[in-house]
Amino acid sequence: MMTDDATRALRGRRAVAAMFLVNGFLIGSWAPQIPVTLARLEITEFTLGLLILTFGIGALVAMPTCGYLIGRFGSRWTVRIFGVISCFGLLAVALSPGIVTAGITLFLFGGFIGGMDVAMNANAVEVEKQLRRAIMSSSHGFWSVGGFIGGGAGGALIEAQGYLFHAGVVTAAALLVTLAGLRFLVTEPRPEAHEVRRFALPRNPAVYLVGLIALFSMIPEGAVLDWAALYLRQERGADLATAGFGFAAFSGAMALMRFVGDRVRNRFGAVTTLRVSSLIAAAGMFVAGFAPEPWLAIAAFAFAGLGIANMVPIAFSAAGNQPGTSSGASLSTVTLMGYSGILVAPSAIGYVGEHVGFAPVYVAVSVLLIVVCLMAGLARSAEFTHHRAPAQPSA
């Protein structure tokens, strides 16, 4: 018979999964809006890249602030605030009439999405502690499901009803799911404010090398999220509805693999899983860059998604289990480095894509994934994550 604590933890597991779903759905819904934003604001790819950069800067600015709020008030409270406000971000961007207002709303949208991301990952760690088992890969799987739904349905809905209607539907759906799940989120026994009174970087150099793994694993996500639709539309001749399936296929494949990711890692180990996954991802990105037809490129993005699926969760687990280092400090550092790849790097990708096209970009991304394969041994600290209770952060 289940105890009350176990019941609350299981409800919290479903609730935090809903937060991952909403976060991925909001970001995925932004992907098919990108070509529309380019056209309606009458801007170049470089200018659009700068706008996307404001989204990333907003997220990176919010992440340390969110870390303080989690330490002060707990992850449950922080998810509630950032989650509800995030639901209105896409609608605010869609209503922006010019470049300046679009930049401001994208900065705020990115900030609240980034803050929600940190808070929901922290809440997932707390659920792992209470359940005494890993849920991180499957939690990220729900994020990918959200991205698949948002990206896949978004292009068709925009084409049928317009971008404003699409943004309104996204807002309503995200808010409904968020409000339904918030009350069941777990909370820490007590906020550990003493850990966040001053900021200190980890001294262990391995943390930063794991951060590079996270960065090189997330740059492909940013490259597909922000530029796959434009690449398929402008360089491969896809219509708007088809172009939206680039990120959708990528996210769908990631979701499928992430739901079995913990079992795969238990079976083969974190190092082997990371090494093979990076090679699969590299092959997919390489083919996507050379694909002559839209649907071949979409299939290649999906194949790459299978590989990338478990790379980031493994990097996060390796960061949180670094010996002699606070798991909180390590995880926040690796998260910040990793999310630079999905939030900041795409602006540079846009600049390169405007001058040489996006096909060479995806080929270059495959090289970064080969580097991850060579660095896979650094994930050895994640090998025993599932065979013991999660370690408590040191003071």
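If you read the sequence from its start, that first residue is 1, and numbering goes on from there. Quick caveat: nothing in here was measured; it's all calculated off a predicted structure.
A heavy-atom distance below 4.5 Å is not found between the side chains of Thr242 and Leu232. For the pair Phe88/Leu175, a side-chain contact is recorded, criterion being any heavy-atom separation below 4.5 Å from C-beta on. Side-chain contact between Tyr163 and Thr37: absent, with no pair of heavy atoms (C-beta onward) separated by less than 4.5 Å. Using a 4.5 Å heavy-atom cutoff, the side chains of Met285 and Val224 are in contact. By the 4.5 Å heavy-atom criterion applied to side chains, Ser340 and Leu215 are counted as neighbours. Counting heavy atoms from C-beta on, the side chains of Phe142 and Asn23 never come closer than 4.5 Å. Side-chain contact between Ser138 and Ile135 is present, with at least one heavy-atom pair separated by less than 4.5 Å.
In this structure, Ala229 and Ala31 approach most closely via the heavy-atom pair CB-O, 4.4 Å. Looking at every heavy atom in both residues, Val16 comes nearest to Ala124 through CG2-N, 3.9 Å. Pairing each heavy atom of Pro294 with each of Arg236, the nearest pair is CG-O, 3.1 Å. Contact record, Val334 with Ala315: CG1-O, 4.4 Å, taken as the closest heavy-atom pair.
A donor-acceptor pair shorter than 3.5 Å cannot be found between the side chains of His140 and Asn310. Judged purely by distance below 3.5 Å, without hydrogens or angles, the side chains of Thr105 and Ser96 pair a donor atom with an acceptor atom. Between the side chains of Ser137 and Arg258, no donor-acceptor pair is found at a separation under 3.5 Å. Judged purely by distance below 3.5 Å, without hydrogens or angles, the side chains of Gln161 and His166 never pair a donor atom with an acceptor atom.
Within 6.0 Å of CZ on Phe184 lie more than 12 heavy atoms contributed by other residues, nucleotides or ligands. Taking a 6.0 Å sphere around CZ of Phe245, one finds it holds 12 or fewer heavy atoms contributed by other residues, nucleotides or ligands. Taking a 6.0 Å sphere around CZ of Arg40, one finds it holds more than 12 heavy atoms contributed by other residues, nucleotides or ligands. Counting non-hydrogen atoms of neighbouring residues, nucleotides and ligands closer than 6.0 angstrom, the CZ atom of Arg11 reaches no more than 12 such neighbours.
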Verdict with supporting geometry, Phe301 and Tyr362, ring-ring contact (aromatic ring centres under 6.0 Å, His included): CA-CA 10 Å; Phe301 284 136; Tyr362 291 117; 5.1 Å; yes
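With sequence neighbours excluded, the residues that form a side-chain contact (heavy atoms from CB on, under 4.5 Å) with Val287 are Ala300. Applying the side-chain contact (heavy atoms from CB on, under 4.5 Å) criterion to Glu159, with sequence neighbours excluded, gives Leu240, Ala241.
Judged purely by atom type and a 3.5 angstrom limit, Ser86 uses its side chain to pair as donor or acceptor with the backbone of Phe112. Judged by distance alone, with hydrogens and angles left aside, the side-chain atoms of Arg265 form no donor-acceptor pair with the main-chain N or O of Ala270 at under 3.5 Å. For Arg14 (side chain) and Ala9 (main-chain N/O), no donor-acceptor pair under 3.5 Å exists by modelled atom type.
Ring orientation note: the planes of Trp227 and Phe358 are close to parallel, at an angle under 30° on the 30°/60° scale.
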